[in-house]
Trainee: 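Dumping the structure here so I can ask a few things about it.
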2 protein chains.
Amino acid sequence: MNVQFKKMKPIKSYQHVVDEIQTAICEGNLKEGETLPSEMKLKEMFDTSRGTIREALRVLEQKGLVSVRTGVNGGARIQGANAKPMTDSVAILIRQQKVSLHHLAEFRKMMEGHISEQAAKKADKKDVQRLMDILRDAAAHIQTKPSGWTEFHKMDAEFHLTLAMIAENPLLEANLTAIHDNIQIYFHQYLPWSEALLHDNFKDLCGIAAAVEQRDPGTARRIAEEHVAKFNALMEKNIE
Amino acid sequence: MNVQFKKMKPIKSYQHVVDEIQTAICEGNLKEGETLPSEMKLKEMFDTSRGTIREALRVLEQKGLVSVRTGVNGGARIQGANAKPMTDSVAILIRQQKVSLHHLAEFRKMMEGHISEQAAKKADKKDVQRLMDILRDAAAHIQTKPSGWTEFHKMDAEFHLTLAMIAENPLLEANLTAIHDNIQIYFHQYLPWSEALLHDNFKDLCGIAAAVEQRDPGTARRIAEEHVAKFNALMEKNIE
DNA sequence: TACGATCAAACTGTAGGACAGTTTAATGAT
DNA sequence: ATCATTAAACTGTCCTACAGTTTGATCGTA
């Protein structure tokens with residue numbers, strides 16, 4: 001005997017359904033927005049039971065590949081790439097107290113620094129314009145004498161996500177989204193509201209945008225890192 | 001009317017089951033290694049149908065929280081924290097061709113650089129010893145005149161993961177694992193085998209370990225970044 | 001014709017029952 | 001004692017039935 005035979009591992013049939021559909025999505029044979037056939041039809045196509053189909057759909061749903069709706073013309077719609085599974089698994093690590101705000105912030109600092117640096121290297125005029133548009137909206141919002149973070153944080157997140165898109169790496173986008181989605185709660189809970197802080201925050205964003213515009217990767221990284229570190233320090237102080 | 005009522009969103013019953021069990025796991029009421037009651041018992045405990053329970057189990061399985069086995073004393077065992085969902089979602093991004101080797105390598109470079117730097121800041125004697133032990137094994141393996149990467153890559157991965165553990169941030173660990181698991185295929189496919197390259201690789205690891213031992217974060221980061229960049233450049237050349 | 005209300009059809013959501021397949025532990029034979 | 005056999009406790013799969021949800025079609029009325 002010179003060969004090692006692989007152990008006969010009976011693939012569970014719902015897994016087979018998952019694999020087929022996932023492959024079809026990844027190969028592009030099923031495109032975003034399309035809807036899969038109904039459970040009844042899938043059951044016949046795969047020659048299996050409805051229960052099996054439904055288990056497969058739950059898995060695909062959890063992977064963020066489809067979303068299922070009830071009613072006529074309902075069914076499983078193919079979803080575009082999204083960061084949901086990543087957000088989920090980070091959320092679990094937090095709930096298990098394996099990951100603290102400190103961990104989140106360290107990771108975020110690394111990412112925002114890197115992203116800003118890359119953005120400063122790669123941005124073209126259109127990209128800079130997009131950043132400026134967001135800043136203009138943010139400035140307008142500040143004029144309205146707001147009394148809480150909520151609105152500003154939306155634009156803040158959009159700004160950082162746009163930077164990630166300029167940096168042209170979907171992995172950075174997905175991870176940044178996951179981090180932002182999960183750090184939100186800490187913002188709401190531990191970041192005290194003050195107009196001075198709002199202006200400070202806004203000034204940091206302007207600084208990053210300016211560094212990107214001037215193609216100055218080093219400065220972009222430095223401001224971004226300091227920005228994250230500063231606000232995190234504030235929150236950590238308030239946790240005690 | 002001064003308040004906005006939330007839309008009555010009928011929670012699906014399998015989702016309710018998922019939430020309850022997930023919470024119990026995160027709160028520590030269900031610990032790693034324990035097994036959930038059988039599907040029959042769960043069905044009665046939640047006063048629902050077996051199909052519903054099974055759909056919930058598929059979701060929990062996909063989240064990496066439980067793994068299900070057949071047979072007597074089988075059932076859903078609680079899993080410790082693991083990077084499976086992250087590995088999965090990165091794999092999907094790759095299969096959808098949203099993420100290329102270039103993206104993976106850029107991300108990895110950022111992480112390995114940061115990890116090595118942090119490890120050099122935080123390592124104690126025991127940590128350094130663990131790194132040295134791995135290097136000793138690797139050196140022994142090189143003595144055997146190997147003819148492929150497979151064995152070495154295992155130790156390489158272990159070395160980098162140990163660094164991440166020394167850096168004391170589970171987010172870094174999880175992401176690094178996800179990246180490693182997914183970049184493997186490229187190694188096998190595009191990294192040519194040569195003894196010179198093996199020695200080169202090994203030397204880099206020694207360099208990182210030495211920098212960590214000497215508490216030299218800057219050097220540790222530099223070597224790690226160059227290490228990743230070098231081997232990636234090799235692979236990218238072979239892809240064309 | 002236009003515009004609502006009503007209804008039917010096409011779906012998913014849930015429940016219950018049945019039996020096959022798999023693994024372990026108890027039982028029994030040598 | 002040791003090994004094979006069997007029974008029990010599970011998950012895996014299939015079936016049927018009906019409730020709940022959404023939308024497009026139909027019909028009535030101005």
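Lettering follows sequence order; numbering is per chain, from 1.
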Trainee: Could you state the atom-to-atom distance from OH of Y14(B) to P of dA15(C) in whole Å?
Mentor: 13 Å

Trainee: At their closest point, which heavy atom of A138(B) faces which heavy atom of M155(B), and how far apart are they?
Mentor: CA-SD, 3.4 Å

Trainee: Please compare K43(A) and P37(B) by the position of their nearest nucleotide in DNA chain D and report the one closer to 5'.
Mentor: P37(B)

Trainee: Before you tell me yes or no, could you show the steps for E55(B) and R58(B) under salt bridge (charged side-chain N to carboxylate O under 4.0 Å, His left out), namely the whole-Å CA-CA distance, both residues' side-chain angles and the distance that decides it to 0.1 Å?
Mentor: CA-CA 5 Å; E55(B) 290 185 34; R58(B) 292 293 86 75; over 6 Å; no

Trainee: Under 4.0 Å: is that the gap between some side-chain N or O of S13(A) and OP1 or OP2 of dG12(D)?
Mentor: no

Trainee: Within this structure, what is the NZ-to-P distance between K41(B) and dA9(D), rounded to whole angstrom?
Mentor: 9 Å

Trainee: Does dT13(D) have OP1 or OP2 sitting under 4.0 Å from an N or O in the side chain of T48(A)?
Mentor: no

Trainee: Examine distances only and state if a side-chain atom of T52(B) and a backbone atom of T48(B) form a donor-acceptor pair shorter than 3.5 Å.
Mentor: no

Trainee: To the nearest Å, how far apart are E39(A) CD and dG13(C) P?
Mentor: 6 Å

Trainee: In this structure, how many angstroms lie between the P atom of dT14(C) and the CG atom of D47(B), rounded?
Mentor: 13 Å

Trainee: Taking only N and O in the side chain of R58(A), is any of them less than 4.0 Å away from OP1 or OP2 of dG13(C)?
Mentor: yes

Trainee: Rounded to the Å, how far apart are R50(A) CZ and dC18(D) C1'?
Mentor: 11 Å

Trainee: Please work out if G75(B) contacts a base, only the sugar-phosphate, or nothing of the nucleic acid, heavy-atom cut-off 4.0 Å.
Mentor: sugar-phosphate

Trainee: Within less than 4.0 Å of OP1 or OP2 of dT14(C), is there a side-chain N or O belonging to S49(B)?
Mentor: no

Trainee: Between N182(B) and L104(B), which heavy-atom pair has the shortest distance, and what is it?
Mentor: O-CD1, 4.4 Å

Trainee: Please give, in whole Å, the distance from dT14(C) C1' to M40(A) CE?
Mentor: 13 Å

Trainee: Closer than 4.0 Å, any side-chain N/O of T52(A) to the OP1 or OP2 of dC14(D)?
Mentor: yes

Trainee: Whole angstroms only, please: what is the CD-C1' distance between E55(B) and dT12(C)?
Mentor: 10 Å

Trainee: At 4.0 Å (heavy atoms only), tell me whether T70(B) reaches a base, stays on the sugar-phosphate, or touches nothing.
Mentor: sugar-phosphate

Trainee: Which of parallel (below 30°), tilted (30 to 60°) and perpendicular (above 60°) describes H153(B) and F187(B)?
Mentor: parallel

Trainee: R54(A) near the nucleic acid: base, sugar-phosphate alone, or nothing, with a heavy-atom cut-off under 4.0 Å?
Mentor: base

Trainee: In whole Å, what is the span from the CZ atom of R77(B) to the C1' atom of dT24(C)?
Mentor: 11 Å

